[in-house]
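Written out below as structure tokens is the structure these notes cover.
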Amino acid sequence: MSSRTRTRPVKTAAGVHTVRIPRQRGRRGAQPFLVVVPEHPSLTREALGFVGRGLWSVRHALAPTGIAVLALAVTALLHVIAWWSGLLLAPLAAAPAVWLWIVQRRRPARSSTLVWRIALTVLATFASAWAALAAGFGPLAGPLALLWLLTLIAAQTAWLIVRRTH
């Protein structure tokens, strides 16, 4: 075996990968080649990946937060496109009270169940009234941003209590 066809062992540092490219014969067969060496991710990308994986693992516990952020964006878009959409959303603020009345007639509840139903009705009425006002006047107009935040905190707290996440 000639020295041209024999491979010689090459010493490399730890963590270095060696790519072996077969020898090209003749001028027609010689094609250029490209070696792609992946970069190490930056510290920012590692941190964002860590936060993203953490949020993904608790995504069910943060459902009210996601819905609230989506509602903020949708009402902002509705306000920009058609401010009168708030007038269409206003009657929906009465829907939770109608729901409570129907549920109480069909399945009367007492004590803690009634308290939870009333609390849910108040929270849903407050959220739907906020959505109507935010679509009409803009989600950040006046005290609407603070009301959005307080509703978000109340909904997230109730969600965590009901789900009993640990």
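Along the sequence shown, residues carry numbers from 1. Note that the structure is a prediction, hence the values are computed from the model and not measured.
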Run the side-chain contact (heavy atoms from CB on, under 4.5 Å) test against Arg45 and tell me which residues pass, sequence neighbours left out. Pro41, Ser42
CZ of Arg59: more than 12 outside heavy atoms within 6.0 angstrom? yes
Indicate if Leu55 and Val69 have the same hydrophobic cluster label, given that clusters are the connected sets of ILVMFWY residues with side-chain heavy-atom separations under 4.5 angstrom. no
N/O donor-acceptor pairs under 3.5 Å from side chains in residues 82-94, not counting sequence neighbours:
from: Ser85; atom 1: OG; to: Ala82; atom 2: O; distance (Å): 2.8

Give me the other members of the hydrophobic cluster that Val98 sits in, counting Ile, Leu, Val, Met, Phe, Trp and Tyr linked by side-chain heavy atoms under 4.5 Å, directly or via other members. Trp101, Ile102
Please list, chain by chain and in numerical order, all residues satisfying side-chain contact (heavy atoms from CB on, under 4.5 Å) with Val115, sequence neighbours excluded. none
Do Leu150 and Phe126 touch side chain to side chain, with heavy atoms closer than 4.5 Å? no
Among residues at least two apart in sequence or on other chains, which ones pass side-chain contact (heavy atoms from CB on, under 4.5 Å) with Ile81? Leu77
Which donor-acceptor pairs under 3.5 Å do the side chains of residues 137-146 make with protein atoms, sequence neighbours left out?
none

Is there a path of hydrophobic side-chain contacts, each under 4.5 Å between heavy atoms of I/L/V/M/F/W/Y residues, joining Leu133 to Leu72? yes
Connected hydrophobic set around Leu48, excluding itself, where side chains approach under 4.5 Å: none
When clusters are formed by joining ILVMFWY residues with side-chain heavy atoms under 4.5 Å apart, either directly or through shared neighbours, do Trp116 and Leu120 land in the same one? no
Partners passing side-chain contact (heavy atoms from CB on, under 4.5 Å) against Ala155 (at least two apart in sequence or in another chain): Pro64, Leu123
Taking only residues two or more places apart in sequence, or in another chain, which ones meet Gln104 in a side-chain hydrogen bond (donor to acceptor under 3.5 Å, both in side chains)? Arg117
If Ile, Leu, Val, Met, Phe, Trp and Tyr residues are connected whenever their side-chain heavy atoms lie under 4.5 Å apart, and connections chain through other members, are Ile153 and Leu160 in the same group? no
How long is the gap from CG on Leu147 to CG on Leu152, to the nearest 0.5 Å? 12.5 Å
Thr75 versus Ala131, closest heavy-atom pair with distance: CG2-O, 3.8 Å
What residue pairs, at least two apart or across chains, pass side chain to side chain donor-acceptor pair (under 3.5 Å) with a residue in residues 118-143? none
With Thr65 via side-chain hydrogen bond (donor to acceptor under 3.5 Å, both in side chains) - residues at least two apart: Gln156
Ile67: which other cluster members, linking ILVMFWY side chains closer than 4.5 Å, directly or transitively? none
